[in-house]
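Structure first, commentary second.
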Number of protein chains: 2
Amino acid sequence: MARPERKTVRDVRKGNRGMLLRTLYFGGPRSRHELTGLTGLSAATISTMTGDLLTEKILMEAGQVDSDGGRPRVLLRVNPVYAYLIGVDVAETHVRVELFDLEMTEKARVDYTLRPSHHDIELVARRILAGIDVVLADGQVTAAQVLGVGIGVPGIVERGAPDALIHAKTFGWDGVPLGALMRAGTTLPVFIDNGAKTMGQAELWFGAGRGADHAVIVLIGSGVGATVVADGQAVRGTSNSAGEWGHTKIEMNGRPCRCGSRGCLEAYIGAEGLLARAGVPVQTTDWPSALGRVLDDGGPVVDETVTYLGTGLANLINMLNPERILVGGWAGLMIGERHLDQIRVVVGENSLTQPYNATSIVLGELGPDAVAMGAATLVLEEFLDTSAPLRLHAAS
Amino acid sequence: MARPERKTVRDVRKGNRGMLLRTLYFGGPRSRHELTGLTGLSAATISTMTGDLLTEKILMEAGQVDSDGGRPRVLLRVNPVYAYLIGVDVAETHVRVELFDLEMTEKARVDYTLRPSHHDIELVARRILAGIDVVLADGQVTAAQVLGVGIGVPGIVERGAPDALIHAKTFGWDGVPLGALMRAGTTLPVFIDNGAKTMGQAELWFGAGRGADHAVIVLIGSGVGATVVADGQAVRGTSNSAGEWGHTKIEMNGRPCRCGSRGCLEAYIGAEGLLARAGVPVQTTDWPSALGRVLDDGGPVVDETVTYLGTGLANLINMLNPERILVGGWAGLMIGERHLDQIRVVVGENSLTQPYNATSIVLGELGPDAVAMGAATLVLEEFLDTSAPLRLHAAS
DNA sequence: ACATGTTAGTTCAATGCGTGAACGAAACGG
DNA sequence: CCGTTTCGTTCACGCATTGAACTAACATGT
């Protein structure tokens, strides 16, 4: 019963403008003439709207194309340097801040190493704020040119007024108001979400999920999570914690999981559980190469992993009927690169024919670096929806 | 990446009108003055819009209320006899056709018994068409007063142009074009969906799900299904087959399921599987009372059922973070009435704290009769969205 | 009986938006 | 240089919401 908002004539413009911007952003350079077909708007409207967007410098011309026998069409595109986006990846071992232009080309980046158990929220906030200054300087961009900062963090991000609260057990964060801390140090708009979700968003917009309206993006690292996309929108749930796929029980009295329960999917297909099952010593530090060895050696543990993963994916297919499933995360990619075909077979055996046939299962394209990019996407999304002009926050 | 449609000024009206109609439909009688606050629209707009709706007879006045010291406010409400809706429940043993007024008060009903293995699609279509005539006669309503016919059927309803196709194994239906058959016999608009989904829709709109934006409605009969609601919208998936919860694998090498696989939830908590596990002879015909005896006697089978159901619900909570879970279906209600508290405990043990605390688990209110009502709701939804005037289809 | 105040609802000019039709611009071919 | 074709712009029009002015319908006090 999602209540629609009151609408007025100006919302019409806002919506159509956003649609035009989106088609131009994702649909490459286009002439005004082509845009009438793509958007359904009349030539008159396209003309006035592109006029506005050109004088605002959100769009720019991009050459001409001969059209046999008539006036050549002028191509338009989104101006990649109209504004910039900042994406932040807060992970267990580092804080990374990246500066992107509007086309998501990376312009600058800075990494800060976090010592284990140095996840003090104040420290992290200081690192982020310092990082912002650094990338702005490196990229020769002023704060006034930046649309906002997106931050991907571990754990559950509880969105709500007045402020998003972050719960991250492994960091010792329990209801931490990162947004408020940021706002104390910068006037840029701040968007915060779970890192797995921002990565899912990145895959959906720029990776293997492009164009999918119904998708599930599965992230397998040492933990396991998922982003569910229905009708083109990420499903967030009532307190923004949807997507905790890792603690789905798939075996009634199965292996103990670090969450305290038993039989969780994560205990089987998460890197930590997988390595433990394969008998890799816990003190191993280079998990990726250890995992590579286990996967290459094969054996029952690997077969089991394929079975569990395939079954878990089959459950998602039955329940959500996506058109595409993306397998990502560093461990997910390693497993998928070696065994995707077998996984597909297991999925086929454990899902209903009709939804199975409607789904394709593919690997993620972007890799683990995409957390920051996905975080920046939060800002981009806002911009494409509202195409808010630059800007009100540039004050301080 | 759900593409927004081109919008024009007239769409603004359509949207606002729909919103007004919805607030009045669900928010009881209201004065124009109250509506300005509830909708956010200006008094001027409310005035003109209610004026239109009154002359169209979609709204009617509903008495006055003194307002201390000033002009009394005139209450407005949706006119329940402005139009009627027809809902159809196609089940294994019967075809039921019901006539409702706009407020979902039942005006007439007719049942046709289906002999097992007489699920010929032509026969079913004839029954429905005959039933429509009967309820119209009984209810003294003309076809021109009916907004449309909603039909809830078993199996998967593949929506798509030009026609919805129905796949129902148990009926021997494989890609059956029920919509086309209906259109050959009536000019009324026809809406078709899975019966479990229509029932979920009924619970969501008129039952225990009222007002929930994020909910899962779980239906346990002899089979097991679910309706997922995210942001107030049912999640349908890419081919409208989302919600096949019953065949979620919850035990890797568990009981065989009638779907051919093993370890499906349905094999444990579906009525058929439950009775089989309790050792009830397969030829028993009165399943409900047999189930009642099993549940009342208690014992390990019941405990196990509670565990499986609770775990299954916990998985849903982790994955989808709903604000409410409804347990329905005749078997679900029987289990829930006796063991809901224990189920809640199991759910708590198997789900993450944060999403668990955000959820309430309740029983459905409407019972198994709600399939037809939910089907009629499909028509109502269309009407509230478009408030399409009566009508274009009244031709023949 | 009548003036006054209060609340509810309506009317109207102003503003904004998309559209179709008329118009202008920029190429090509001969 | 001219006709044709295609691309893009301009402008009057219809339709939407809105704030402000206005009317309607009551209670209260004198």
Side-chain angles (χ1 to χ4, degrees), chain A residues 4-21 23-24 29-56 59-77 386-387 389, chain B residues 4-21 23-24 29-56 59-77 386-387 389:
Chain A
E5 291 280 291
R6 174 201 71 153
K7 289 270 186 297
T8 159
V9 265
R10 298 168 101 125
D11 295 312
V12 175
R13 173 74 106 172
K14 204 183 286 181
N16 287 337
R17 193 172 136 122
M19 180 182 54
L20 188 149
L21 216 47
T23 45
L24 227 32
R30 295 285 178 178
S31 71
R32 301 178 225 277
H33 197 74
E34 291 172 301
L35 286 172
T36 63
L38 291 168
T39 61
L41 293 164
S42 71
T45 304
I46 294 290
S47 185
T48 60
M49 245 168 18
T50 53
D52 287 358
L53 289 165
L54 279 167
T55 59
E56 293 175 55
L59 296 186
M60 58 188 286
E61 300 198 344
Q64 303 201 163
V65 167
D66 287 2
S67 91
D68 36 19
R71 174 175 173 176
R73 51 190 68 178
V74 176
L75 295 180
L76 301 175
R77 55 173 296 192
T386 68
S387 70
Chain B
E5 291 280 293
R6 173 202 71 152
K7 289 268 186 298
T8 160
V9 266
R10 300 168 98 126
D11 295 311
V12 174
R13 172 75 106 169
K14 204 183 286 181
N16 286 336
R17 194 172 132 123
M19 180 182 52
L20 189 151
L21 216 46
T23 46
L24 227 32
R30 295 286 178 179
S31 71
R32 296 169 173 74
H33 196 75
E34 291 172 302
L35 285 172
T36 63
L38 290 168
T39 62
L41 293 164
S42 71
T45 304
I46 293 291
S47 185
T48 60
M49 245 170 15
T50 53
D52 287 358
L53 289 165
L54 280 167
T55 60
E56 293 176 56
L59 296 186
M60 59 187 286
E61 300 198 345
Q64 302 200 164
V65 167
D66 287 3
S67 95
D68 37 20
R71 174 176 174 175
R73 52 190 71 179
V74 176
L75 296 181
L76 300 175
R77 54 172 297 192
T386 67
S387 69

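Each chain gets a letter, A, B and so on, in the order its sequence line appears, and its residues count up from 1.
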query: So, B:Asp52 and B:Arg13, do they make that salt bridge, N to O below 4.0 Å?
result: yes

task: To the nearest Å, give me how far apart CZ (A:Arg30) and P (D:dG8) are.
output: 13 Å

statement: Of A:Thr50 and A:Gly70, the one whose closest nucleotide on DNA chain D sits nearer the 5' end is A:Gly70

message: Minimum heavy-atom separation for B:Leu24 and B:Arg77, please, with both atom names.
response: CG-CA, 4.3 Å

- line: note: A:His33, atom NE2; C:dA25, atom P; distance rounded to Å ~ 19 Å

query: How long is the gap from CG on A:Leu38 to CG on A:Leu20, to the nearest 0.5 Å?
result: 9.5 Å

query: Expressed in angstrom and rounded to an integer, what is the separation of B:Glu61 atom CD from D:dA25 atom P?
result: 12 Å

message: OP1 or OP2 of D:dT9 versus the side-chain N and O atoms of A:Arg32: is any pair under 4.0 Å?
response: yes

task: Map B:Gln64 and A:Ser31 onto DNA chain D by nearest heavy atom, then report which one ends up closer to the 5' terminus.
output: A:Ser31

query: If only atom types and distance count, is the side chain of B:Thr8 paired as donor or acceptor with the main-chain N or O of B:Asp11 below 3.5 Å?
result: no

message: What does the B/S/- profile of nucleotides 13-20 of chain D look like, 5' to 3', with a 4.0 Å heavy-atom cutoff to protein?
response: -BSBSBB-

query: To the nearest Å, how far apart are A:Ile46 CD1 and D:dT6 C1'?
result: 17 Å

- prompt: Could you state the CG-C1' distance from B:Leu35 to C:dT10, rounded to the nearest angstrom?
  reply: 15 Å

message: Rounding to an integer number of Å, can you tell me how far B:Arg71 CZ sits from D:dA25 P?
response: 6 Å

Minimum heavy-atom distance between A:Glu5 and B:Asn16, given as atom pair plus value: O-OD1, 4.1 Å

message: side chain to side chain contact (heavy atoms under 4.5 Å, CB included), that's the test. Do A:Leu76 and A:Arg32 meet it? Break it down for me.
response: CA-CA 7 Å; A:Leu76 301 175; A:Arg32 301 178 225 277; 3.5 Å; yes

Length of the CG-P vector between A:Asp52 and D:dT10, whole Å: 12 Å

